[in-house]
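Take a look at the structure below.
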Amino acid sequence: MSTATLTSFSTLASDFYGFEDLLTDQEKSLLADLRRYLDTEVRPIVNDHWSRGEFPRQIVKGLADLGLFALPWEETRPFENSAVFRGWVALELARCDASVATFVGVQNGLAMGSISVGGSPEQRAEWLPRLASGELVGAFGLTEPLSGSDSAQGLRTVAVRDGDDWVLNGSKRWIGNATFSDVTIIWAKSAEDGQVKGFIVPTSTPGYEATKIEGKQSLRIVQNADITLTDVRVPDSLRLQQASSFRDTAAVLRLTRADVAWAAVGNMVGAYEAALAYAGERVQFGKPIAKHQLIQDLLVKSIGNITASIGMVVRVSQLLDEGTQRDEHASLAKAFTTARMRETVGWAREVLGGNGIVLDYDVARYFADAEALYSYEGTREMNTLIVGRAITGQAAFV
Ligand SMILES: Cc1cc2nc3c(=O)[nH]c(=O)nc-3n(C[C@H](O)[C@H](O)[C@H](O)COP(=O)(O)OP(=O)(O)OC[C@H]3O[C@@H](n4cnc5c(N)ncnc54)[C@H](O)[C@@H]3O)c2cc1C
């Protein structure tokens, strides 16, 4: 049983203060198309794919045809659009399913963002349109088995220059989409200057091997992989020409971190809407549970979290559009909204009683998926330390 549909955002009053009115008519129209697509093509299949831990490959074309991969980038975008709108797209995707939002975030944010931020004009012209059309699926390989939060200094994957080539050796962990990506951006430390550099690695390159991480209990639809790189040889033309240090990697993460904050809002909206619908239908003590004061308390605290979080992510995206967004802005939004999301999915699960842990009612999926959103793209602790450094002037990472 699916408890809510996506086409009726405002009638369910999840956008309590009407932030969607900040969007242009063209942006609103694409959002309506997206909601229709998600309602008809994605929502009906997500629980089944979630339980089997499979990614529905057929939606890549549908998402590409809607223009979602192309939206952020000058070379590919179908029309001028705002960061607030692109955030809203992430919200809508996660409102349906956080794994699908993650898939899109890896494709159009982490993978294409790396090429946009770190690539030469020639590299952007060559790769972005092919990723935008869905002809190619991309992945982003930064995290390693022994380096997660400390990837700014802790990467062990090494790139050694050999004539016109680079030879990559090392391993990566948790890499989203990487069981079926056509290209993976691999971040490695150069043996030459010790700086982190990015490489566009076609996954058919000899020595590249990706193995699915099994047994995940969150974002089960996302295909995360362990990658081993054994003497993987790529030409210098596949090195991101304008990425010379971790500072450039961080620039990519800054862009995508705010989108994860938006996705966290979408995940809590999805859980809240399912809980609200359930509360209207479930009868106990002779009346719908929505008529019980303590249930209303949970729902009102939830809409409070959602409304505060939408306000925050809207402003963070406006700062990006204005060119004044800093790392700590995106970090505060990611840390704050994911914490509010964790509370909210817990309250939704509470509203459903026992049915809150059954996949059929959707809330169990939002509840479980919240955990991965909470940890990836910088844990709450890491994002807190980034904000802490900004407001005190003291770095407390080590
Ligand atoms: C579902 C999923 C998808 C992902 N997708 C990708 C991807 O596509 N590409 C990619 O490169 N990575 C990906 N990641 C990796 C993700 O970014 C890392 O999991 C994350 O950065 C945390 O690293 P870690 O798991 O190694 O935890 P660790 O860094 O080992 O941290 C463990 C705990 O210690 C805390 N901690 C660490 N250092 C400090 C400190 N100085 N002070 C206080 N606390 C500290 C952390 O906050 C955390 O609570 C994904 C992860 C998941 C779960």
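Counting from 1, the numbers follow the sequence of the chain as shown. Note that ligands are numbered from 1 as they come in the structure, with each ligand's atoms numbered from 1 the same way.
- The shortest N or O to N or O distance between Val106 and ligand 1 is not below 3.5 Å.
- Within 6.0 Å of CZ on Arg247 lie no more than 12 heavy atoms contributed by other residues, nucleotides or ligands.
- A salt bridge links Asp362 with Arg43: at least one charged nitrogen is closer than 4.0 Å to a carboxylate oxygen.
- The nearest protein heavy atom to atom 12 (N) of ligand 1 is closer than 4.0 Å.
- In terms of polar-atom proximity, Ser149 is counted as a contact of ligand 1, with an N or O under 3.5 Å from an N or O of the ligand.
- Distance check: Lys334 NZ to Leu373 CG gives 7.0 Å after rounding to the nearest 0.5 Å.
- Using a 4.0 Å cut-off between heavy atoms, Thr102 makes no contact with ligand 1 at all.
- With distances taken over non-hydrogen atoms, the option nearest atom 17 (O) of ligand 1 out of Arg380, Glu371, Glu377 is Glu377.
- Under 4.0 angstrom from ligand 1, the non-hydrogen atoms of Phe397 all belong to its backbone.
- Closest to atom 42 (N) of ligand 1 among all protein heavy atoms lies Leu385 CD1, 3.7 Å.
- Looking at Glu381 next to ligand 1, an N or O pair under 3.5 Å apart turns up.
- A salt bridge is absent between Arg35 and Asp39; no separation between the charged side-chain nitrogens and carboxylate oxygens falls under 4.0 Å.
- Taking only nitrogen or oxygen atoms, main chain and side chain alike, Trp174 reaches within less than 3.5 Å of ligand 1.
- We find that Glu343 and Lys301 are not joined by a salt bridge, their nearest charged nitrogen and carboxylate oxygen being 4.0 Å or further apart.
- The presence of a protein heavy atom under 4.0 Å from atom 7 (C) of ligand 1 is confirmed.
- The protein heavy atom nearest to atom 39 (C) of ligand 1 is Met382 CE, 3.1 Å.
- Atom 32 (C) of ligand 1 lies below 4.0 Å from none of the non-hydrogen atoms of the protein.
- At a threshold of 4.0 Å, the pair Lys197-Asp248 does not count as salt-bridged, since none of the basic side-chain nitrogens sits closer than that to a carboxylate oxygen.
- Closest heavy-atom approach to atom 20 (C) of ligand 1 within the set Gly378, Ser375, Gly148, Ala98: this belongs to Ser375.
- At the top of the distance list for atom 9 (N) of ligand 1, counting protein heavy atoms only, stands Phe140 O, 2.8 Å.
- In this structure, the protein non-hydrogen atom closest to atom 3 (C) of ligand 1 is Asn224 ND2, 3.1 Å.
- No salt bridge links Arg220 with Asp369; every basic N to acidic carboxylate O contact stays at or beyond 4.0 Å.
- Remark: Glu144 does not engage Arg156 in a salt bridge, criterion side-chain N to carboxylate O under 4.0 Å.
- Between Phe103 and Phe180, the angle of the ring planes stays under 30°, which puts this pair in the parallel group of the 30/60° scheme.
- At a heavy-atom distance under 4.0 Å, no atom of Asn177 approaches ligand 1.
- The closest heavy-atom contact to atom 16 (C) of ligand 1, among the options Ile213, Ile175, Thr143, Ile227, comes from Thr143.
- Under 4.0 angstrom from ligand 1, the non-hydrogen atoms of Thr379 all belong to its side chain.
- Aromatic rings from Tyr376 and Trp174 are positioned such that their centres are separated by 6.0 Å or more.
- Ring planes of Tyr361 and Tyr278: perpendicular class, angle over 60° (limits at 30 and 60°).
- For ligand 1, the polar-atom distance check finds an N/O of Gly176 within less than 3.5 Å of one of the ligand's N/O atoms.
- Of the listed residues (Arg365, Arg342, Lys216), just one forms a salt bridge (charged side-chain N to carboxylate O under 4.0 Å, His left out) with Glu371, and that residue is Arg342.
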